[in-house]
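All remarks here apply to the structure that follows.
Numbering starts at 1 and runs along the sequence shown.
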Amino acid sequence: MTSANDLMNRINERYATLSKGQKRIAAYITDNYDEAVFYTAAKLGEVVGVSESTVVRFATHLGYKGYPQFQQAMAQLVRGKLDAVQQMEHVYGRITRSEILSTVLKSDAKRIQDTLKMIDEHAFDLAVDAILHARHIYVIGIRSCAPLAEFLSFYLNMMSDNVRLIHTNSASELFEQMFYIGREDVMIGISFPRYSLRVLKAMEFANNRNARVITLTDSVHSPMNLYSSCNLVAQSDMSSIVDSLTAPLSVINALIMAVCMKRQKKVLKNLEMLERLWDEYQVYGNDEIDYIGDSIRIRYAQSQQEEN
């Protein structure tokens, strides 16, 4: 019996061999399989903008006997999504509410320990070196990985002015923001199961433009490593509908710290400049909490009194 993720695994494994039309189908299925499961081959082709025969060839290219079997695989994927809720109830339903906090935190702590044992330190050093010498640094993460990409971009921006966080709701927006990527640039792609096909497309495009590609994903067998020259691995699995991204965030923290240590003087200079700007333009002056001895002064309240 095939697993619930069989369809996504096949798409990821065969993505590089798909035609342009088939890649459009794959992108749509990845994000909308719960709707596509009800479509006929003709309807799916109409929605995606390809012919019915292209949809059928896509199904057979993935190894299914025809569109009906492909549709069954989508249905199994939908059932797998529902099973995740039941799995969470099975794992966490047996413990009391007071035990949830310690159970989840201990589980996350173990994932950090396991990540430390399995991560490739040489790949980590290569990633740091690539970031330090990049003309531009492109960072992408979609769905639950978007906050990780934003966090990484935020702190890299404190050290350099060449960081570009890719915001995208469609493939066209993605390529517009990566239009000038080239040999001297670096792409950092962050994706964990269920893997994002849009992130994979971005990495494929960057690789085709001869940019250095860095991945942060859950396994050396992840499809995200298909176009990557530097693979960072962190554990993310959890028996829950919520992705556990504690270990990936720890790896990102280490990455930021390593880059920061290599650029200490520049980082210090940038922080001092920011402090002057914040003070000059009173960025934090109206809502900052100051500790003075054993008391707390709220500047906002003070400024309000002065105005009155």
Give a yes or no on this: more than 12 heavy atoms of other residues, nucleotides or ligands lie within 6.0 Å of atom CE of Met257.
no
Assess whether atom CZ of Phe124 is packed by more than 12 heavy atoms of other residues, nucleotides or ligands within 6.0 Å.
yes
Measuring from atom [atom1] of [X] to atom [atom2] of [Y], what distance do you get when rounded to the nearest 0.5 angstrom?
| X | Y | atom1 | atom2 | result |
| --- | --- | --- | --- | --- |
| Leu62 | Tyr15 | CG | OH | 13.0 Å |
| Arg209 | Asp185 | CZ | CG | 10.0 Å |
| Asp120 | Cys230 | CG | SG | 8.0 Å |
| Ile252 | Ile188 | CD1 | CD1 | 8.5 Å |
| Ser19 | Arg57 | OG | CZ | 7.5 Å |
| Ser196 | Met224 | OG | CE | 6.5 Å |

Test side-chain contact (heavy atoms from CB on, under 4.5 Å) on Leu216 and Asn231 and set out the steps.
CA-CA 6 Å; Leu216 177 57; Asn231 309 325; over 6 Å; no
Taking all atoms of both residues into account, what is the closest heavy-atom pair of [X] and [Y], and its distance?
| X | Y | value |
| --- | --- | --- |
| Ser144 | Pro147 | O-CD, 3.2 Å |
| Leu44 | Tyr67 | CD2-OH, 3.9 Å |
| Ser191 | Thr217 | O-OG1, 2.9 Å |
| Val186 | Ala130 | CG2-O, 3.4 Å |
| Ala27 | Lys201 | CB-NZ, 3.6 Å |
| Pro223 | Leu200 | O-CD1, 3.3 Å |

Which of Ile137, Ile166, Asn207 passes side chain to side chain contact (heavy atoms under 4.5 Å, CB included) with Met187? It is Ile166
With no hydrogens and no angle check, is any side-chain donor or acceptor of [X] less than 3.5 Å from a backbone partner on [Y]?
| X | Y | value |
| --- | --- | --- |
| Gln22 | Thr54 | no |
| Asn157 | Ser153 | yes |
| Gln69 | Lys65 | yes |
| Ser160 | Leu156 | no |
| Glu184 | Arg135 | no |
| Asn162 | Ala134 | yes |
| Ser228 | Val213 | yes |

Cluster check [X], [Y]: I/L/V/M/F/W/Y, side chain < 4.5 angstrom:
| X | Y | result |
| --- | --- | --- |
| Leu249 | Leu116 | no |
| Ile181 | Leu226 | yes |
| Met118 | Ile112 | no |
| Ile11 | Val47 | yes |
| Val56 | Ile25 | no |

Can you find a pair of side-chain heavy atoms, one from [X] and one from [Y], that are under 4.5 Å apart?
| X | Y | value |
| --- | --- | --- |
| Tyr33 | Met8 | yes |
| Met158 | Ile256 | no |
| Ile214 | Leu232 | yes |
| Val233 | Asp218 | no |
| Gln177 | His167 | yes |
| Ile29 | Leu7 | yes |

What pairs with Lys110 under salt bridge (charged side-chain N to carboxylate O under 4.0 Å, His left out), at least two apart in sequence or on another chain?
Asp114
Can you sort out the partners of Arg14 under salt bridge (charged side-chain N to carboxylate O under 4.0 Å, His left out), two or more places apart, ordered by chain and number?
none
What pairs of residues pass the ring pair (Phe, Tyr, Trp, His ring centres under 6.0 Å) test when at least one of them lies in residues 190-216, not counting sequence neighbours?
Phe175-Phe205
Could you walk me through whether Thr215 and Tyr227 pass the side-chain contact (heavy atoms from CB on, under 4.5 Å) check?
CA-CA 9 Å; Thr215 59; Tyr227 301 106; over 6 Å; no
Not counting sequence neighbours, which residues clear side chain to side chain contact (heavy atoms under 4.5 Å, CB included) with Ala59? List them please.
Phe70
Applying side chain to side chain donor-acceptor pair (under 3.5 Å), run through Thr115 and Arg111 and close with a yes or a no.
CA-CA 6 Å; Thr115 296; Arg111 284 181 175 79; over 6 Å; no
Find out whether the Lys NZ or Arg CZ of Arg10 is both under 6.0 angstrom from the six-membered ring centre of Tyr64 and within 45° of the ring's axis.
yes
How far apart are the C-alpha atoms of Val128 and Leu255, what are their side-chain angles, what is the distance that settles it, and do they pass the side-chain contact (heavy atoms from CB on, under 4.5 Å) test?
CA-CA 7 Å; Val128 172; Leu255 202 60; 3.8 Å; yes
Charged N to carboxylate O under 4.0 angstrom, Glu204 versus Lys23?
yes
Check whether the side chains of Ser222 and Asn225 place a donor and an acceptor atom closer than 3.5 Å, and report yes or no.
no
Do we see a donor-acceptor contact under 3.5 Å between the side chains of Ser51 and Ser53?
yes
Those residues at least two apart in sequence (or on a different chain) that pass ring-ring contact (aromatic ring centres under 6.0 Å, His included) with Tyr28 are none
Hits for ring-ring contact (aromatic ring centres under 6.0 Å, His included) against Tyr39, two or more places apart or cross-chain, chain-then-number order -> none
